[in-house]
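Here the structure is laid out as structure tokens; the discussion comes afterwards.
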Amino acid sequence: MVKLRLKRCGKKQRAVYRIVAIDVRSRREGRDLRKVGFYDPIKNQTYLNIPVILYFLERGAQPTGTVQDISKRAGVFMELSLNQQTKFN
């Protein structure tokens, strides 16, 4: 199973995170399948590659709580529901 979760980068006391698609059995800094975004909690900056995130979500990837909150703020789930509605019509 694939999850979308945060991978810690940066220095001590100055953490930044990559949002990655990763196998659930891998550790936090383990090998990721694909980098899908970036999150800096100190500067409150976020970069998301929305088409890639939608690709993984449509194939059953589960986001962690924090990644889900970040994605909600960016409107990823609204786009996902729009994509699913157009597929069924």
Side-chain angles (χ1 to χ4, degrees):
M1 183 172 155
V2 176
K3 277 202 169 209
L4 297 175
R5 66 184 186 202
L6 298 175
K7 185 174 183 179
R8 190 168 198 257
C9 305
K11 302 180 205 175
K12 286 191 282 187
Q13 305 297 317
R14 181 72 179 90
V16 293
Y17 298 91
R18 285 192 184 126
I19 300 169
V20 296
I22 195 166
D23 187 46
V24 293
R25 295 169 289 183
S26 298
R27 62 181 204 267
R28 184 182 69 185
E29 276 85 23
R31 185 166 180 217
D32 51 69
L33 301 172
R34 181 122 189 228
K35 295 174 183 76
V36 297
F38 174 82
Y39 173 59
D40 186 351
I42 295 171
K43 294 181 181 176
N44 202 18
Q45 292 179 335
T46 306
Y47 166 76
L48 299 174
N49 190 347
I50 293 176
V52 176
I53 292 174
L54 291 175
Y55 170 84
F56 281 107
L57 289 175
E58 287 170 353
R59 281 152 183 80
Q62 297 294 313
T64 59
T66 307
V67 172
Q68 189 169 5
D69 293 342
I70 293 167
S71 300
K72 269 186 195 172
R73 277 189 261 142
V76 171
F77 294 106
M78 288 175 34
E79 285 194 38
L80 180 66
S81 65
L82 288 175
N83 283 354
Q84 290 177 347
Q85 287 176 359
T86 57
K87 282 184 181 179
F88 293 123
N89 289 338

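All residue numbers refer to positions in the sequence shown, counting from 1. Source: prediction; values computed, not measured.
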Return the minimal non-hydrogen interatomic distance between [X] and [Y], and the atom names on each side.
| X | Y | value |
| --- | --- | --- |
| Thr64 | Arg5 | CG2-CB, 3.5 Å |
| Leu57 | Pro63 | CD2-CD, 3.9 Å |
| Leu48 | Ala74 | CD1-CB, 3.4 Å |
| Val76 | Ile50 | CG2-CG1, 4.0 Å |
| Tyr17 | Arg8 | CD2-CA, 3.7 Å |
| Pro41 | Ala15 | CD-O, 3.7 Å |

Hey, could you give me the [atom1]/[atom2] distance between [X] and [Y], rounded to the nearest 0.5 Å?
| X | Y | atom1 | atom2 | value |
| --- | --- | --- | --- | --- |
| Cys9 | Arg14 | SG | CZ | 12.0 Å |
| Phe56 | Arg34 | CZ | CZ | 6.5 Å |
| Lys3 | Asp32 | NZ | CG | 16.0 Å |

Spell out, yes or no, whether [X] and [Y] are grouped together once hydrophobic residues are joined by side-chain heavy atoms under 4.5 Å, including indirect joins.
| X | Y | answer |
| --- | --- | --- |
| Val52 | Ile70 | yes |
| Leu54 | Val2 | yes |
| Tyr47 | Ile19 | no |

Legend entry - CA sep, side-chain torsions, deciding dist, call: Leu4, Val20, side chain to side chain contact (heavy atoms under 4.5 Å, CB included): CA-CA 6 Å; Leu4 297 175; Val20 296; over 6 Å; no
Inset, instruction - For the pair Ser26 (side chain) and Ile22 (backbone), establish whether a donor and an acceptor sit closer than 3.5 Å, ignoring hydrogens and angles. - result: no
Inset, instruction - Go through the steps for Thr46 and Phe38 under the test side chain to side chain contact (heavy atoms under 4.5 Å, CB included), then give the verdict. - result: CA-CA 6 Å; Thr46 306; Phe38 174 82; over 6 Å; no
Legend entry - CZ/Arg31: more than 12 non-hydrogen atoms of other groups inside 6.0 Å: no
Legend entry - Flag side-chain contact, heavy atom, 4.5 Å: Val67 against Leu6: yes
Inset, instruction - May I ask you to decide whether Arg18 forms a salt bridge with Asp40, counting only side-chain N to carboxylate O separations under 4.0 Å? - result: no
